Amino acid sequence: MNRLNALFNKKKDNLLSIYYTAGYPEVNTTLDIAEALEKAGVDFLEIGFPYSDPVADGPTIQHSSEKALQNGMTLTLLFEQLKDLRKRVTIPILLMGYVNPIVQYGVERFCKQAAELGVDGIIVPDLPMYEYEAMYSRYFIDNNLSNIFLVTPQTSEERIRKIDELSNSFIYLLSSSSITGGNLQVSVNIEDYYKRIKAMQLKNPAIIGFGISDDKSFKKACEYAAGAIVGSAFVKLLGTEGYLDKIQGFVKSIRP
Amino acid sequence: MKYGVNEKGYYGDFGGAYIPEMLYPNVEELREQYLKIINDADFIAEFDQLLKDYVGRPSPLYHAKRFSEKYGANIFFKREDLNHTGSHKINNAIGQILLAIRLGKKRIIAETGAGQHGVATATVCALKGIECVVYMGAVDMERQAPNVSRMKMLGAKVVPATSGSKTLKDATNEALRDWIGNPVDTHYIIGSVVGPYPYPDMVARFQSVISAEAKKQLFEQTGKELPEYVMACVGGGSNAMGMFYHFLDDEKVKLVAVEAAGKGVDSGHSAATTFLGREGVLHGSRTILMQTDDGQVVEPYSISAGLDYPGIGPQHAHLYKINRAQYVSITDDEALQAGLLCSQLEGIIPAIETAHALAYLEKMTFNPDDNVVICLSGRGDKDLDTYIKYFGY
Ligand SMILES: Cc1ncc(COP(=O)(O)O)c(C=O)c1O
């Protein structure tokens, strides 16, 4: 049981999570942003560590990653910044990034370090189920870290069942097969997809991500899932002048 | 096959399918179907017929007499440059378009570096009347401009990749992003033995026609079953894998793979992956790639767009690690000089990619009876601008 499980046991709907890239727009504001987001009422956070070749990301997060790397952000530096994490932030924290930097850091070392700093879960979009199970799951389990899997409208029922079995906090539901930064798609097919997932009565709650950018898309997502994740729209805000002071207002605009 | 892929998609420590869930259904469909489809009699008949009547195969195995004299061995060129569209890339493009049609796909995407794979893909899409989008690094669009025009004339849409180093790696990222957004009707024709399993194996099989023919032709010409050396250049490694394929299990045959050293392996401007790289994950497979200590992919450099890639296919990474093949590198200057030499000794202007393989002959010592087969992977038409600028013709 980690902070994520505690949160999902307590709160079943309207959960709001925010993604941002560590090191963007400035290298040293990672915890300031986290603190401001908690103050604004966000339920849990995804802190991205940048990668040079983020294939699952659209232009906004690509740009933030590039800038963060230019600013000198590395996994080592991020872990240093997170030393005070649990002094300043109490909500659940996930780290999100691509597999190669983790492999270079050492998967076991990465998991241990993250857990020691108070991180609750990891999202690695390009680490598939087979490779996770065969090579890495024990490091996650030993360190009480949740691994989060993605599900798209094209994911088969059998595979969703398997993902549900391997998950122990939530399932990351994509509204469509897309890179980050698109628009939430709601069509008849998508409604069917959400209903299909709901009818499967999975043991893990579902959180919808990719394409949630405003109050309307957030509300829509919450009709079908326990909550939603906002990424690119928030990263865009970080690109503007005086971003720390705007965080409160942004969160209110998503979930009034 | 001793060095082939296992049922999980790995070559020793390398390979696999490190892809986001969004790509899983497409890659899984391929994994389930590819062997069934490409071993089907109807597929084989159409593939062979197109290779013969459309591509012009078998490509000749040419005994290069003046090169042989210069280097003191019997040197043979496997003439992939004489294929329709000018390189080996068409072999794979034909195979994959036939596969895509059998999978019911309506739209094709591809990445390209030198533009040879893009041209090959645009060509087979025209042949079959299928929509085609090619991603190409903005830098490459400039240095391989004739191929951009060719693709457009063939009816393809060419989309510039403007991120990162604006070369092959970035074009591959853009193609993968496109595929994520088009999960049902689109097939991605990857141009080399890279990417998630089953691509490395599938592309190697389509390119293996190179060594199947060469083996037979060598026997016809020399009465020998096997050459002493087989050589090829390596970008992602598809012409090399095609050239090595039917010689892999014959351990006596020495395999030489030539990477691009750019301005020198230690210059900071290089694409010599096995010299500069470490194990990691790139474009869906565990392989050897050039990267920082923090696991960020390093932007490579080579004058040759087709070799300007920070990784190699996973099977190459395996052959390198277990020492089944020798991996070496050649600088821009050495390659261009070899291109000129080949033009003037043999009357063949090779692609700059190919010229890397030819340049390594300078560094080898042969017995006079040695038979050496080099993959002449492509012709140099697309590189005339670069050659002309360099030599001042
Ligand atoms: C003529 C030629 N040779 C070689 C290559 C390198 O690719 P590969 O290593 O996959 O054969 C290219 C790529 O564009 C090419 O055009």
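Values in this document were obtained by computation on a predicted structure and should not be read as measured data.
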Ring pair (Phe, Tyr, Trp, His ring centres under 6.0 Å) filter on A:Tyr136, not counting sequence neighbours, yields none

Looking at [options], which one has more heavy-atom pairs under 4.5 Å with chain B than the rest?
options: A:Asp53, A:Leu75, A:Thr152, A:Thr155; result: A:Asp53
options: A:Leu127, A:Ile102, A:Leu69, A:Asn100; result: A:Asn100
options: A:Val151, A:Asp57, A:Thr76, A:Val124; result: A:Asp57
options: A:Ile163, A:Val103, A:Thr74; result: A:Thr74

Less than 3.5 Å apart, which donor and acceptor atoms pair up between the side chains of residues 11-20 of chain B and the rest of the protein, not counting sequence neighbours?
| residue | atom | partner | partner atom | Å |
| --- | --- | --- | --- | --- |
| B:Tyr11 | OH | B:Asp201 | N | 3.3 |
| B:Asp13 | OD2 | B:Lys321 | NZ | 2.6 |
| B:Tyr18 | OH | B:Tyr10 | OH | 3.2 |

Residues at least two apart in sequence or cross-chain that pass side chain to side chain donor-acceptor pair (under 3.5 Å) with B:Thr167, listed by chain then number, are B:Ser165

Can you tell me which portion of [X] sits under 4.5 Å from chain A's heavy atoms? Options are side chain, backbone, both or neither.
X: B:Val184; answer: side chain
X: B:Glu299; answer: neither
X: B:Glu28; answer: neither
X: B:Leu289; answer: side chain
X: B:Asp293; answer: backbone

From the list B:Thr172, B:Asn26, B:Thr292, B:Val297, the residue making the most non-hydrogen contacts under 4.5 Å with chain A is B:Val297

Against chain B, label [X] side chain, backbone, both or neither, depending on which of its atoms sit under 4.5 Å from a heavy atom there.
X: A:Val99; answer: side chain
X: A:Ile179; answer: both
X: A:Met73; answer: backbone
X: A:Glu131; answer: side chain
X: A:Tyr132; answer: neither

Close aromatic pair by centroid cut-off 6.0 Å: B:His283 and B:Tyr309:
yes

- prompt: Do the non-hydrogen side-chain atoms of B:Leu103 and B:Gln33 ever get within less than 4.5 Å of each other?
  reply: yes

Within the 4.5 Å heavy-atom criterion, are B:Glu259 and B:Ile312 side-chain neighbours or not? yes

Pair B:Asp294-B:Gln296, side chain to side chain donor-acceptor pair (under 3.5 Å): steps then yes or no:
CA-CA 6 Å; B:Asp294 188 43; B:Gln296 308 299 337; 3.2 Å; yes

- request: Answer yes when B:Asp308 and B:Arg143 have at least one side-chain N-carboxylate O distance shorter than 4.0 Å, and no when they do not.
  value: yes

Those residues of residues 44-52 of chain A that come under 4.5 Å of chain B on a heavy-atom basis, listed by number, are A:Pro50, A:Tyr51, A:Ser52

